[in-house]
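Read the structure below first, then the notes.
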Amino acid sequence: MNEREYLLEQKPFIPFSRPWIDETEIEAVSQVLESKWISTGARVREFERAFAEFLGVKHAIAVSSCTAALHLSLVVAGIGVDDEVITTPYTFTATAEAIRYVGARPVFVDINPETLNIDITKIESAITARTKAIMPVHIAGLPCDMEALQEICHRHNLVLIDDAAHAIPTEYKGQYIGNIGDLSAFSFYANKNMTTGEGGMITTNDGTHAETLRTMRLHGIDKDAWARQSKRSIWRYDITSEGYKYNMTDIQAAMGLCQLMKLNKQHERRRKFAEIYNTELQKFAQIHTPFVSENANEHAWHLYIIKLQSGNRDDFVESLREENIECSVHYIPLHLFEFYQKRYGYNVGDFPKAETVFEQVVSLPLHPGLTESDVSIVIDTIGTVLES
Ligand SMILES: Cc1ncc(COP(=O)(O)O)c(C=O)c1O
């Protein structure tokens, strides 16, 4: 081992993200396994009730992923073949993928380079007779301007389905995201602010939609196995709507309940680390820290995305990796991918703001398992890397 390898071995590895799991989740999942009722049942219902209560929304429908939540939301909103849905190119592919599932076209609108969210001022010029919905994404956990979006949707008779994969808990003007759009889709994927391994949730205040969604997520069957349990003809059911295999299991829901209980605590830790980054990174002229809204909004701090004002982003990420600090890049704009170019005719240059931002962004480690000392190491190492 040479000297450098030795020194690196002494340095802690700081992961980009880690789920915050302890004995509570292990115990809750074990109880479900011991109960032998491991698919959709009482825990899922409890999780749905607790999630809805947390957000103050009327209905929460647990599903197998946020992608499934987006898909079902589009189906229940009646969006289908040849319709258009306005969204952002600066997101994970799942957002636009769900639009494709229903045969509609994702119509991208460039972003505001400060907030990284869809540029509201450019939406109206993208609306056509085929436009049926707007699907904004609250990137990193920063809320989109929901009032402005609602106003546009109202004026053009469009459905507002927000991709809230990053937005728990995000507040917009004192209300939680998940209680504002017509339908909101959350993710409980492994790296999200709360996780069930894989999982998702749809929230809505529309009771008719909620009922249809509950049926559609499990093959369109009118009652799930848990509900049939208590009945005499346990085997009898009807198929009352089109169906999908998108149900959540009690194993996942048991974990979700524990994660929900810890949500505020983990958010406090994320916010504390984000605040340290915000303050300390000011000393580096080459670094632009994330936009912080003044509108009584609460950022979920799912991601901490900086923009490099000079130097090569890829080299920067690699240099940090060599120092045992794991970073990531969010996002490669969707119109730069081969599939989106071939299928929808998008090209390089179509969304210049998203492209410029993509060349600059770096997501720094941010998760509740970090310590203040880890955050200091990241900041100091950034200083060293920028100097060199
Ligand atoms: C913005 C966004 N939307 C949707 C998804 C899809 O979430 P899931 O993996 O739960 O389907 C993700 C996942 O990372 C995401 O980041």
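The first residue in the sequence is number 1, and the count goes up from there. What you see below is based on every heavy atom in this structure, not just the backbone, and it leaves out hydrogens, waters and symmetry mates. Both ligands and their constituent atoms are indexed starting at 1 by order of listing.
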- Query: Would you call Ala98 a ligand 1 contact, heavy-atom distance under 4.0 Å?
  - Reply: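 No heavy atom of Ala98 comes that close to ligand 1.
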Indicate, with yes or no, if the rings of [X] and [Y] have centres closer together than 6.0 Å.
X: Tyr189; Y: Phe92; answer: no
X: Tyr244; Y: Tyr101; answer: no
X: Phe108; Y: His335; answer: no
X: His138; Y: Tyr172; answer: no

- Message: Checking the side chain of Asp222 only, and the main-chain atoms of Tyr237 only, is there a donor and an acceptor separated by less than 3.5 Å?
- Response: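 Not at all, since once roles are kept as given, no pair shorter than 3.5 Å links the two residues.
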- Checking Thr289 side chain against Asn278 main chain: does a donor-acceptor pair fall under 3.5 Å? no
Need the ligand 1 atom indices (1-based, order shown) with element for anything under 4.0 Å from a heavy-atom of [X].
X: Thr95; value: 3 (N)
X: Gly199; value: 10 (O)
X: Val137; value: 1 (C)
X: Thr91; value: 1 (C)
X: Tyr331; value: 16 (O)

Identity and distance of the protein heavy atom lying nearest [atom]:
atom: atom 9 (O) of ligand 1; value: Tyr189 CB, 3.9 Å
atom: atom 11 (O) of ligand 1; value: Thr67 OG1, 2.5 Å
atom: atom 4 (C) of ligand 1; value: Asp163 OD2, 3.5 Å
atom: atom 12 (C) of ligand 1; value: Phe92 CD2, 3.7 Å
atom: atom 5 (C) of ligand 1; value: Ala94 CB, 3.7 Å
atom: atom 10 (O) of ligand 1; value: Ser187 OG, 2.7 Å
atom: atom 13 (C) of ligand 1; value: Lys192 NZ, 3.2 Å
atom: atom 16 (O) of ligand 1; value: His166 NE2, 2.9 Å

- Query: Is ligand 1 under 4.0 Å from a heavy atom in the side chain of Cys66, in the backbone, in both, or in neither?
  - Reply: both
- Per-residue contact class, Phe186 against ligand 1 - non-hydrogen pairs under 4.0 Å: neither
- same_hphob_cluster(Phe291, Ile139) at 4.5 Å side-chain heavy-atom cutoff: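 As far as the 4.5 Å side-chain criterion goes, Ile139 and Phe291 are not connected within one cluster.
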- Check: His209 and Leu183 side chains under 4.5 Å, non-hydrogen atoms: yes
- Note on the structure: Rounding to 0.5 Å, atoms OG1 (Thr170) and CH2 (Trp301) come to a distance of 10.5 Å
- Cation-pi between Arg343 and Phe337: NZ/CZ under 6.0 Å from ring centre and within 45° of the ring axis? no
